[in-house]
Q: 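After the structure tokens below, expect a handful of questions from me.
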Protein chains: 2
Amino acid sequence: MNDKKTYSISELASEFDVTTRSIRFYEDQQLLAPARRGQTRVYSSQDRVRLKLILRGKRLGFSLAETRELFELWDETTTGSEKQLNLLLVKIAEKRAELEQQLKDIAMVQLELDSAEARCRETLNEIQQKQQTE
Amino acid sequence: MNDKKTYSISELASEFDVTTRSIRFYEDQQLLAPARRGQTRVYSSQDRVRLKLILRGKRLGFSLAETRELFELWDETTTGSEKQLNLLLVKIAEKRAELEQQLKDIAMVQLELDSAEARCRETLNEIQQKQQTE
DNA sequence: ATACAGCTTTACGTTTACGTAAACTTCCTT
DNA sequence: AAGGAAGTTTACGTAAACGTAAAGCTGTAT
């Protein structure tokens, strides 16, 4: 089955370089639901994967609400009714479109960085030419 | 030279589907600096480009502060000192790394969407099989 | 002349995503 | 037994990115 290893909150926090406060907040926002041993949170490897996904979403500028929505989509892939599932396919397509827009945006910004770097190097060259002739 | 056309704040707002409030806020945060005719803002085509860049940054999850930093980098490509310029190259490299991380993240999320879609279609098939045999 | 459409500033309100502090339990170590 | 180290809840604070009035100026169409 799945890795049966478990994690404490601070293990996950240091592994992913986030605060425990953040992890608890994600739980508060329904993005995580760790087990408890007494009142202590015990994270499974699935929980760990979810955390990884949350942080990945953040790097792409997803809000926590958006990421939670994605999780809900995923969860409903097995349980949903026919109508639900068709709606899901639509939402998945929407997310795809979003990602492709981001790919375009990244390509554009990369071009801008290329351009900035080129100008930067030109100016540096000019400066060094001057210093040679002085 | 550059397009000498100018734009009103509401023209830009409707073109890019943002509120005038947002545009003024970007100015407040030093991301835009339109000319004035009397007290009315007059946006040049360069201003328009900057706005486009701001929104592109937003789609990539950049904060306004980050985008402003990028603008400052760009502006300094002509004026900076040698030390400045070398520091700039470092910053540009950092941004590049960020973008490449985002590319990886997007690829991963795309795989997850593939997977979700597949599961979705499977479940739909099962449902339809059942309906056939009933 | 007035009305209104579009611009302006000022300023308080709101949401998101946490930070930070206080006060408490639990378990281990010295 | 006494004190940390790591966990917990509760709650107020904060930065970012605007939303949302309120109140006023400004050109122009009726």
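A note on names: the letters A, B, ... follow the listed sequences, proteins ahead of strands, and every chain is numbered from 1.
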Q: Got a sec, which residues hit salt bridge (charged side-chain N to carboxylate O under 4.0 Å, His left out) with A:E15, two or more places apart in sequence or on another chain?
A: A:R48

Q: Does B:R24 have a side-chain nitrogen or oxygen under 4.0 Å from the phosphate oxygens OP1 or OP2 of C:dT8?
A: yes

Q: Can you tell me the distance, in whole Å, between the CG atom of A:L55 and the P atom of C:dA17?
A: 13 Å

Q: Give me, pair by pair, the N or O atoms of the protein and of nucleotides 24-28 of chain C that are less than 3.5 Å apart, along with how far apart they are.
A:
none

Q: Which letter, B, S or -, goes with each nucleotide of nucleotides 14-20 of chain D from 5' to 3', with contact meaning a protein heavy atom under 4.0 Å?
A: ---BBBB

Q: Can you name the salt bridge (charged side-chain N to carboxylate O under 4.0 Å, His left out) partners of A:R36, sequence neighbours left out?
A: A:E27

Q: Could you pull out all residues at least two apart from B:N86 that satisfy side-chain hydrogen bond (donor to acceptor under 3.5 Å, both in side chains)?
A: none

Q: Could you tell me the separation between the CD atom of A:Q102 and the CD atom of B:Q102, rounded to the nearest 0.5 Å?
A: 6.5 Å

Q: Tell me, please, which residues at least two apart from A:S81 pass side-chain hydrogen bond (donor to acceptor under 3.5 Å, both in side chains).
A: none

Q: By salt bridge (charged side-chain N to carboxylate O under 4.0 Å, His left out), which residues pair with B:D47, not counting sequence neighbours?
A: none

Q: Round to the nearest Å and state the distance from A:I23 atom CD1 to D:dA6 atom P.
A: 15 Å

Q: Is there any salt bridge (charged side-chain N to carboxylate O under 4.0 Å, His left out) pair reaching into residues 71-88 of chain A, and which pairs are they, with sequence neighbours excluded?
A: A:R50-A:D75, A:R68-A:E72

Q: Within the structure shown, what part of the strands sits under 4.0 Å from A:R37 by heavy-atom distance: base, sugar-phosphate, or nothing?
A: nothing

Q: So, taking the atom named CG in B:L51 and the one named CG in B:L12, what distance separates them when rounded to the nearest 0.5 Å?
A: 6.0 Å

Q: Report the residues that fulfil side-chain hydrogen bond (donor to acceptor under 3.5 Å, both in side chains) with B:Q30, sequence neighbours left out, ordered by chain and then residue number.
A: none

Q: Does a side-chain N or O from A:S8 land closer than 4.0 Å to OP1 or OP2 of D:dG7, or not?
A: yes

Q: Could you give the CD-to-C1' distance, from A:E27 to C:dC18, as a whole number of Å?
A: 15 Å

Q: Nearest whole angstrom, please: distance from the P of C:dA11 to the CG of B:D28.
A: 13 Å

Q: Where do N or O atoms of nucleotides 3-5 of chain C meet protein N or O atoms at under 3.5 Å, pair by pair?
A:
none

Q: Look only at the side chain of B:S115 and the backbone of B:L111, and say whether a donor-acceptor pair between them is shorter than 3.5 Å.
A: no

Q: Is it true that B:K95 and A:E112 have a side-chain N and a carboxylate O under 4.0 angstrom from each other?
A: no

Q: Just jot down the salt bridge (charged side-chain N to carboxylate O under 4.0 Å, His left out) partners of A:R96, sequence neighbours excluded, or say none.
A: B:D114, B:E117

Q: In plain terms, say whether A:E94 and A:K91 are close enough for a salt bridge, that is, a side-chain N and a carboxylate O under 4.0 Å apart.
A: no

Q: Whole angstrom is fine here: how far is it from OH in A:Y7 over to P in D:dG7?
A: 16 Å

Q: Among residues 10-17 of chain B, which contact DNA chain C at a heavy-atom distance under 4.0 Å?
A: B:S10

